[in-house]
Amino acid sequence: MQLKRTVYMGELRASDVGKEVIVSGWVLRRRDHGGVIFLDLRDRTGLLQVVFEEGIDPEVHKIADTIRNEYVISVKGKIRRRPPGMENPKIPTGEIELEADEVEILNTSKTPPFALDEDLSEVSEALRLKYRYLEMRAPGGLEPFIFRHKVVHTIREFLNSQGFLDVETPFLTKSTPEGARDFLVPSRLYPGKFYALPQSPQLFKQILMVAGVDKYYQIVKCFRDEDLRADRQPEFTQLDMEMSFVDEEDIMSLVEGLMAKVFENCLDIKLELPFKRLTYEDAMKHYGTDRPDLRFGMELKEVTPLVDGTSFKVFRSAVEKGGVVKGLCAPKQFSRKELDELTGFAQELGAKGLAWIKYSPEGEFEKRWSSPIVKFFEKWVLEKLEELFELKKPCTLFFVADSEEVANSVLSELRNKLGKELGLIKDGFEFVWIVDFPLFEWDEEEERLVSVHHPFTHPKEEDIELLETEPLKVKSRAYDLVLNGVEIGGGSIRIHRKELQERIFKLLKITPEEAEEKFGFFLTALEYGAPPHGGIAFGLDRLIMLMLGKKSIREVITFPKTQRGQCLLTGAPAEVKIEQILELHLLPGWEKEKKKES
RNA sequence: GGGGCUGUAGUUCAGCACGGUUAGAACGCCGGCCUGUCACGCCGGAGGUCGCGGGUUCAAGUCCCGUCAGCCCCGCCA
């Protein structure tokens, strides 16, 4: 390599006119006019027009004639002002150009499978993932990753300044029960035994508290062998934090400070502090979900007391079975076709149907209501509805009559769908803490209590006495952080005393033997002066996705997996040689066969 | 495990409901011309196992069955 870069192209301006420079980069486009060839050359920082004139040096011009898109070249020359009228206001370096007097082709390139100078979102994602390096190299392709770098940098800077230690924990570790499916790694040295990749460093960070680390964080990969979604990858990055001698308020206010710093540094947005808080109960009541999108209203209202005496059988029987009738009011009068579609949507989500009432505030009271079911309701009920939903404009009321669970989940999905489709969602970032979660929920299939968060979550002090008698009434010292309807983080104050931890295990039907076998090491650690502690973990990919307004975390992960868990770039997962499998003792029978043979 | 959408030149798509010439377009690519373009222009050219397999038919890109792959969703994700 003879021509060694002296400047980045993106930094060059009219003030650099006259300077002798060497630039290196990739050819985005070439415009060959015979005697003059223009190349748009780019590096990480920007784009510069390079001019090769036959009259200046025929030999150099000749080389330029062979250069094609995506060739890697270095060019030496002088920065000059473009002739009057030839400026390109569309690019930052548009006032100037590089007059080439030397060029070196550092590497050729095949014609890329897709044009790098066009809108890559039009290209199929599968192709982009296979040639991810080309997508990233295209103009703007590195932006999400540069942004991500900035976010991570800000997080580290902030937490370091607050006295946190960045401490690593192992990837080859022990399977933890009560969670997602583990990725297992067979042990070569111990036939039949396996490591598990961590679903989170949960137990390690708690043990770090026992170790006196006091304030810990780690930006760390976690692994869960579950099916993928737009916002879920089998390996993802978590911002993991834990602190000793703190309570919920300490952690929440620290996180608020952190988020404020991140949004200020990276998006130049000042967040309003403190964040809103909703109890789990209120979130379920008003939004039907524990991760409500607060960028718009359209809250759910329960109308059970208004309709339990109605002659409308669907509502009455749902109430008689112990269910509820809940509804929401959408600010639009839907057509019959749209109503049918929405009913189908509700049914797919498990509702038996979707009742609707169109309302318009004009004219006589009775004529304001239009619906096949309105005849079942007495005037006082309609009056109450008008009052409850504060009906003032034309709209449609939707109701689901079912168990509370079904009504909530259907209506919350309906709310999100209508919010999106009716354009009710305002721009911006709405954070909300969800607090006062129940500690347990009942698992019908397994017929036992399971943890809402994880088994190391501390119950509220005042509820501890209810643990054995009314466990479902026990609330936890847990908190989730929700941003625009997406859960971006969750944490809790942990149990730090062995006795309480054992009581919880007992309620979860984890036997002492099981507990000992699965995390005896952790219980032992608790016995050696574990301080009170708590923490939180954030899905970093999701946070960055939301900050950039992307629809999928794949957009902010360099080499993500497809929905079926494949890496299209490398072809992973892939078959391995039989020798590797035998070496890992994964086919014990075959191993014996092989020994017999030899 | 289930539901939905998609798969045709290198790329993005049209053609498919109603089977029937040699499967088209744009961009890209290759060659030629061009000293001021910046989505350069002009002339010419190449490029297709219609995802794959099977079936129906005189005839299948088009209809049927299966299968693979990509995306979205449910289940699952403490």
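Residue numbers start from 1 in every chain, and the chains themselves are labelled A, B, ... in the order their sequence lines are given, proteins ahead of strands. Only a predicted model underlies this, so the values are computations on that prediction, with no experimental measurement involved.
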Considering every strand shown, what is the Watson-Crick or G-U wobble mate of [N] when both distances are under 3.5 Å?
| N | value |
| --- | --- |
| B:G45 | B:C29 |
| B:C34 | none |
| B:C16 | none |
| B:G7 | B:C68 |

Spacing of the [atom1] atoms in [M] and [N] (rounded, Å):
| N | M | atom1 | value |
| --- | --- | --- | --- |
| B:C18 | B:A59 | C1' | 16 Å |
| B:U56 | B:G66 | C1' | 15 Å |
| B:G45 | B:G7 | C1' | 29 Å |
| B:C65 | B:G48 | P | 31 Å |
| B:U6 | B:C50 | C1' | 15 Å |
| B:U12 | B:G70 | C1' | 16 Å |
| B:C63 | B:G19 | P | 9 Å |
| B:A9 | B:G51 | C1' | 15 Å |

Please collect all salt bridge (Lys or Arg N to Asp or Glu O under 4.0 Å) contacts where either partner lies in [range], sequence neighbours excluded, each pair once.
| range | value |
| --- | --- |
| residues 196-208 of chain A | A:Lys205-A:Asp240, A:Lys205-A:Glu242 |
| residues 415-424 of chain A | A:Lys417-A:Glu421 |
| residues 555-575 of chain A | A:Glu235-A:Lys561 |

Between [X] ([atom1]) and [N] ([atom2]), how many Å, whole number?
| X | N | atom1 | atom2 | value |
| --- | --- | --- | --- | --- |
| A:Asp119 | B:G28 | CG | P | 16 Å |
| A:Leu197 | B:C77 | CG | C1' | 16 Å |
| A:Gln566 | B:C68 | CD | P | 12 Å |

Tell me, please, which residues at least two apart from [X] pass ring pair (Phe, Tyr, Trp, His ring centres under 6.0 Å).
| X | answer |
| --- | --- |
| A:Phe194 | none |
| A:Phe38 | A:His33 |
| A:Tyr195 | none |
| A:Phe114 | none |

Given 3.5 Å as the limit, does a donor-acceptor pair link the side chain of A:Glu226 with the main chain of A:Arg181, or not? yes
Regarding A:Thr457, tell me which of base, sugar-phosphate or nothing describes its non-hydrogen contacts under 4.0 Å with the strands shown. nothing
Which is true for A:Arg128 with a 4.0 Å heavy-atom rule: it touches a base, it touches only sugar-phosphate, or it touches nothing? nothing
For the pair A:Phe204 and A:Phe521, name the ring-plane relationship: parallel under 30°, tilted 30 to 60°, perpendicular over 60°. tilted
Mind checking the CG-CG spacing from A:Asp480 to A:Leu278? Nearest 0.5 Å is all I need. 12.0 Å
Of A:Ser200 and A:Leu568, the one whose nearest nucleotide on RNA chain B sits closer to the 5' end is A:Leu568
5' to 3', nucleotides 3-14 of chain B under a 4.0 Å protein heavy-atom cut-off (B base, S sugar-phosphate only, - none) gives -------SSS--
Once each nucleotide of nucleotides 35-41 of chain B is scored for protein heavy atoms under 4.0 Å, what B/S/- sequence comes out, 5' to 3'? BBBBSB-
Side-chain N or O of A:Gln563 versus OP1/OP2 of B:A69: is the shortest distance under 4.0 Å? no
Does a nitrogen or oxygen in the side chain of A:Thr111 sit under 4.0 Å from OP1 or OP2 of B:G28? no
Strand-adjacent residues in residues 401-422 of chain A, judged by heavy atoms under 4.0 Å from RNA chain B: none
List in numerical order all residues of residues 221-240 of chain A for which some heavy atom is under 4.0 Å away from an atom belonging to RNA chain B. A:Arg224, A:Glu226, A:Asp227, A:Arg229, A:Ala230, A:Arg232
Any A:Tyr479 side-chain heavy atom under 4.5 Å of A:Ile434 side chain: no
Assess whether atom CZ of A:Arg497 is packed by more than 12 heavy atoms of other residues, nucleotides or ligands within 6.0 Å. no
I'd like to know whether CD of A:Gln347 has more than 12 heavy-atom contacts from other residues, nucleotides or ligands below 6.0 angstrom. yes
Residues which pass side chain to side chain contact (heavy atoms under 4.5 Å, CB included) with A:Asp57, listed by chain and number, not counting sequence neighbours: A:Glu59, A:Val60
Between A:Glu97 and A:Arg80, is there a side-chain N and carboxylate O pair less than 4.0 Å apart? yes
